[in-house]
Engineer: 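Pasting in a structure now, in structure tokens, and then I'll have a few things to ask.
Nothing fancy with the numbering, it's 1 onward along the sequence. As the structure is a prediction and not an experimental result, all values here were calculated from the model.
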Amino acid sequence: MTERAAPSSIDPAEVAKFQAMAREWWDPQGKFKPLHMLNPTRLDYVTRQIAAQFGRDLAAPLPFQGLTLLDIGCGGGLMAEPMARLGATVTGADAAEGNIAIASLHAQEQDLPIDYRATTAEALAAEGRAYDVVMALEIVEHVAEPAEFIATCRNLVKPGGMLIQSTLNRTARSFAAAILGAEWVMRWLPRGTHDWRRFITPDELAQMTEATGLSVVDRCGMVFNPLGWSWSLSHRDLSVNYAMTALRGA
């Protein structure tokens, strides 16, 4: 009798898209320019949530020392690296081997001890891995089965830990900004990078997250200001990009 393979949320076509762009991860003017622009705001949100949950002082030299963190769908390491600099013990996982190769090389150049792995959330969960913080940023809209993926992420969170997700809302504004604007007009991303039909509303994401037993404690929009050419956090405007924090009971 043959052993069944573990189910996977990986969509091979989505992985191939990012594998093809892997060499451009650290070019702030390249195909990942939108993420480079968004990254300080994402980092602001994530660090505030972690500090609040674990009682850490962000003004301290290594405020997240002693915390374990998984960045699932880490790409080239744009979020993994600053989290490592803040003292967290970071694992970065991505199904695209090209992303991991680029991320590993860049971390070595920066002398950052990040454990990068070309693997999936399901494989890590099957190994019994668990972390204080799991980040799933700009990934849920690219997986084959979002609800199953979130359930796997929940299993990777230690009791008392947290899951932080960010994604794109399914609205007319998100279609205009992420697809017409970023892909067609500004040409920051190759056409077809995003599929608007796969975008997820905050209510849908919250429902899928809480179905796993996690408790959603925060929703926050990340808003682009074309006049100031800058991003900011907003608890009122979640119409395009947004983030969500959920906690696992102790």
Engineer: Give me the atom names and distance for the closest heavy-atom approach of Met222 to Ser166.
Structural biologist: CE-CB, 3.9 Å
Engineer: What do the steps show when you test Met162 against Leu214 for side chain to side chain contact (heavy atoms under 4.5 Å, CB included), and what is the final call?
Structural biologist: CA-CA 9 Å; Met162 65 198 311; Leu214 296 173; over 6 Å; no
Engineer: When rounded to the nearest 0.5 angstrom, what distance separates CZ in Arg48 from OG1 in Thr245?
Structural biologist: 12.0 Å
Engineer: Could you check whether any side-chain heavy atom of Trp26 comes within less than 4.5 Å of a side-chain heavy atom of Ile102, counting everything from C-beta outward?
Structural biologist: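 Yes - at least one pair of side-chain heavy atoms lies under 4.5 Å apart.
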Engineer: Can Val217 be reached from Ile50 by stepping across I, L, V, M, F, W or Y side chains whose heavy atoms are under 4.5 Å apart?
Structural biologist: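 Linked, Ile50 and Val217 end up in one cluster.
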Engineer: Taking Ser174 for its side chain and Thr171 for its backbone only, find out whether a donor-acceptor pair lies under 3.5 Å.
Structural biologist: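 It does hold such a pair.
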Engineer: Output yes when a side-chain donor or acceptor of Arg248 lies under 3.5 Å from a complementary backbone atom of Val157, and no otherwise.
Structural biologist: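 Yes, the answer is positive, given that a donor and an acceptor are paired below the 3.5 Å cut-off.
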Engineer: For Trp25 and Asn99, test the side chains for any donor-to-acceptor distance below 3.5 angstrom and give the result as yes or no.
Structural biologist: yes
Engineer: Under a 4.5 Å side-chain heavy-atom rule over Ile, Leu, Val, Met, Phe, Trp and Tyr, are Tyr45 and Phe54 clustered together?
Structural biologist: yes
Engineer: Roughly how far apart are Asn241 CG and Cys220 SG, rounded to 0.5 Å?
Structural biologist: 11.0 Å
Engineer: Hey, what do you get for CD1 (Ile200) to CD (Gln165), rounding to the nearest 0.5 Å?
Structural biologist: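 Going from CD1 on Ile200 over to CD on Gln165, the span is 8.0 Å.
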Engineer: Can you check whether Leu238 reaches Val223 side chain to side chain, under 4.5 Å on heavy atoms?
Structural biologist: no
Engineer: Give the minimum heavy-atom separation between Ala84 and Leu112, together with the two atoms involved.
Structural biologist: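 Looking at all heavy atoms of both residues, the closest pair is CB-CD2, 4.4 Å.
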Engineer: Set out, in order, the CA-CA distance, both residues' side-chain angles and the distance that settles side chain to side chain contact (heavy atoms under 4.5 Å, CB included) for Thr47 and Leu86, then state yes or no.
Structural biologist: CA-CA 9 Å; Thr47 55; Leu86 291 170; 3.6 Å; yes
Engineer: Between Arg42 and Asp44, is the closest basic N to carboxylate O distance under 4.0 Å?
Structural biologist: no
Engineer: Yes or no on side chain to side chain contact (heavy atoms under 4.5 Å, CB included) for Phe224 and Leu38, after CA distance, side-chain angles and deciding distance?
Structural biologist: CA-CA 8 Å; Phe224 181 64; Leu38 175 60; over 6 Å; no
Engineer: Answer yes or no: is there a donor N or O on one side and an acceptor on the other, between the side chain of Glu204 and the main chain of Arg170, under 3.5 Å?
Structural biologist: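 The answer is no, because no donor-acceptor pair under 3.5 Å joins these two groups.
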Engineer: Rounded to the nearest 0.5 Å, how far apart are CG of Asn169 and CG of Leu205?
Structural biologist: 10.0 Å
Engineer: Write down the atom of Ala246, the atom of Thr209, and the distance for their closest heavy-atom approach.
Structural biologist: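 The pair with the smallest heavy-atom distance is CB-CG2, 3.6 Å.
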Engineer: Start with the C-alpha gap between Glu138 and Thr167, add the side-chain angles, then the distance that decides, and say whether side-chain hydrogen bond (donor to acceptor under 3.5 Å, both in side chains) holds.
Structural biologist: CA-CA 5 Å; Glu138 281 70 55; Thr167 189; over 6 Å; no
Engineer: Determine which pairs satisfy side-chain hydrogen bond (donor to acceptor under 3.5 Å, both in side chains) with at least one residue from residues 60-86, sequence neighbours left out, and list them in order.
Structural biologist: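 For residues 60-86: Thr68-Asp132, Glu81-His106, Arg85-Gln110.
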Engineer: Would you say the side chain of Arg154 lies within less than 4.5 Å of the side chain of Leu163, judging by non-hydrogen atoms?
Structural biologist: no
Engineer: Without hydrogens or angle criteria, can the side chains of His235 and Asp218 be said to hold a donor-acceptor pair below 3.5 Å?
Structural biologist: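 Yes, side-chain donor-acceptor contact under 3.5 Å.
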Engineer: For Thr212 and Ala151, work out which heavy atoms get closest and say how close.
Structural biologist: CG2-CA, 3.6 Å
Engineer: Find the distance between CE (Met37) and CG (Asn39) and round it off to the nearest 0.5 Å.
Structural biologist: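 Rounded to the nearest 0.5 Å, the CE-CG separation comes out at 12.0 Å.
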Engineer: What's the separation between atom CD in Glu145 and atom CE in Met208, rounded to the nearest 0.5 Å?
Structural biologist: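 Between atom CD of Glu145 and atom CE of Met208 there are 10.5 Å.
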Engineer: Got a sec, which residues hit side-chain hydrogen bond (donor to acceptor under 3.5 Å, both in side chains) with Asp237, two or more places apart in sequence or on another chain?
Structural biologist: Arg173, Ser239
Engineer: Is there side-chain contact between Tyr242 and Leu233, with at least one heavy-atom pair below 4.5 Å?
Structural biologist: no
Engineer: I'd like to know if the side chain of Glu210 pairs up with that of Ser215 as donor and acceptor (distance under 3.5 Å, no hydrogens or angles considered).
Structural biologist: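 No - no donor-acceptor pair under 3.5 Å links their side chains.
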Engineer: Any salt bridge linking Glu97 with Arg117? Criterion: basic side-chain nitrogen under 4.0 Å from a carboxylate oxygen.
Structural biologist: no
Engineer: Is there a side-chain contact between Leu69 and Phe64 in this structure, where contact means two heavy atoms from C-beta onward sitting under 4.5 Å apart?
Structural biologist: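 Not touching, per the 4.5 Å side-chain cut-off.
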Engineer: Return the minimal non-hydrogen interatomic distance between Pro159 and Ala250, and the atom names on each side.
Structural biologist: CB-C, 3.9 Å
Engineer: Could you check whether any side-chain heavy atom of Tyr116 comes within less than 4.5 Å of a side-chain heavy atom of Val90, counting everything from C-beta outward?
Structural biologist: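 Of all side-chain heavy-atom pairs linking Val90 with Tyr116, none is under 4.5 Å.
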Engineer: Do you know which two heavy atoms are closest between Ile100 and Cys74, and how far apart they sit?
Structural biologist: CD1-SG, 3.8 Å
Engineer: So do Leu168 and Val240 actually touch side chain to side chain, heavy atoms under 4.5 Å?
Structural biologist: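 Of all side-chain heavy-atom pairs linking Leu168 with Val240, at least one is under 4.5 Å.
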Engineer: Could you go through the side chain to side chain contact (heavy atoms under 4.5 Å, CB included) check for Val46 and Met83 one step at a time?
Structural biologist: CA-CA 9 Å; Val46 168; Met83 301 310 292; 4.1 Å; yes
Engineer: Output all residues satisfying side chain to side chain contact (heavy atoms under 4.5 Å, CB included) with Ile72, sequence neighbours left out; order by chain, then residue number.
Structural biologist: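 Here the qualifying residues are Leu70, Ala93, Ala121, Leu124, Val134, Ala136, Phe149, Cys153.
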Engineer: Counting C-beta onward and ignoring hydrogens, is there a side-chain heavy-atom pair between Met135 and Met79 closer than 4.5 Å?
Structural biologist: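 Touching, per the 4.5 Å side-chain cut-off.
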Engineer: Linking I/L/V/M/F/W/Y whenever their side-chain heavy atoms sit closer than 4.5 Å, directly or via other members, would Leu43 and Leu58 fall into one cluster?
Structural biologist: yes
